[in-house]
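Below you'll find the structure, written out as structure tokens, and then a few comments.
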Amino acid sequence: NIVLALGSDGPSYPDWATEDMITTGRVRHIFDESNGGVTSSDEKDCCSIAIVGGGISAAHFALKLEREASTADNGLGRKSTIHMICRHELREKQFDTHQDWMMD
């Protein structure tokens, strides 16, 4: 499964994501509410999940999935693997506020 976390202006899909990929849920956007949105429970039955994006939303979602994948068995006798795909090295930035509110 592929989860897109691209841009901040709402969901946008790349040209390679076909309508069939989107409607079947194989490719989802983290902010797309039309298919019920993306939740960690939707993804935890998968063996491998790729999150495309290098921003804070992608990082927080990857951390959330990883925490759940470390304890969930996907029925195949192995844990899910979470991958982040981004065009640059991960960057760390200081924030003015504590970010625990994003980790619900």
Side-chain angles (χ1 to χ4, degrees):
N1 283 357
I2 298 173
V3 176
L4 302 173
L6 307 171
S8 58
D9 294 334
S12 62
Y13 290 89
D15 293 337
W16 56 261
T18 66
E19 187 66 31
D20 184 58
M21 291 174 167
I22 296 167
T23 57
T24 60
R26 298 290 297 174
V27 175
R28 302 177 194 212
H29 195 285
I30 196 168
F31 298 128
D32 191 350
E33 298 294 328
S34 66
N35 287 339
V38 177
T39 65
S40 54
S41 62
D42 294 332
E43 306 302 329
K44 68 183 172 186
D45 290 332
C46 300
C47 294
S48 185
I49 302 161
I51 300 172
V52 180
I56 194 165
S57 296
H60 279 279
F61 195 68
L63 289 171
K64 182 176 184 174
L65 288 177
E66 181 59 32
R67 271 197 315 271
E68 293 177 3
S70 67
T71 59
D73 187 334
N74 60 13
L76 300 175
R78 60 181 180 234
K79 308 288 188 258
S80 298
T81 304
I82 314 302
H83 305 274
M84 277 191 68
I85 301 169
C86 44
R87 62 182 166 195
H88 52 74
E89 296 291 322
L90 294 179
R91 302 172 190 155
E92 184 177 333
K93 294 183 180 181
Q94 293 290 71
F95 287 93
D96 294 333
T97 60
H98 200 271
Q99 298 298 307
D100 278 348
W101 62 272
M102 293 187 77
M103 299 296 286
D104 291 339

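Hydrogens, waters and symmetry mates are skipped; everything else that's a heavy atom, side chains included, is used.
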Any idea which heavy atoms bring Met84 and Gly53 closest together, and the distance?
CE-O, 3.4 Å
What heavy-atom pair brings Ser57 and Phe31 nearest, and what distance separates the two atoms?
OG-CZ, 3.5 Å
Measure across Ala58 and Ile51 and return the closest heavy-atom pair with its distance rounded to 0.1 Å.
CB-CG2, 3.9 Å
Side chain to side chain contact (heavy atoms under 4.5 Å, CB included) involving Asp15 - partner list, sequence neighbours excluded:
none
Looking at residues at least two apart in the chain, or sitting in another chain, which of them share a side chain to side chain contact (heavy atoms under 4.5 Å, CB included) with Ser12?
none
Test side chain to side chain contact (heavy atoms under 4.5 Å, CB included) on Met21 and Ile2 and set out the steps.
CA-CA 9 Å; Met21 291 174 167; Ile2 298 173; over 6 Å; no
Nearest-0.5 Å distance, CD1 of residue Ile49 to NE2 of residue His83
9.0 Å
I need the minimum non-hydrogen distance between Gly54 and His88, along with the two atoms involved.
O-CE1, 3.9 Å
Working to the nearest 0.5 angstrom, can you tell me the gap between Thr81 OG1 and Glu66 CD?
8.0 Å
Got a sec, which residues hit side chain to side chain contact (heavy atoms under 4.5 Å, CB included) with Ala17, two or more places apart in sequence or on another chain?
Tyr13, Pro14, Ile22, Val27
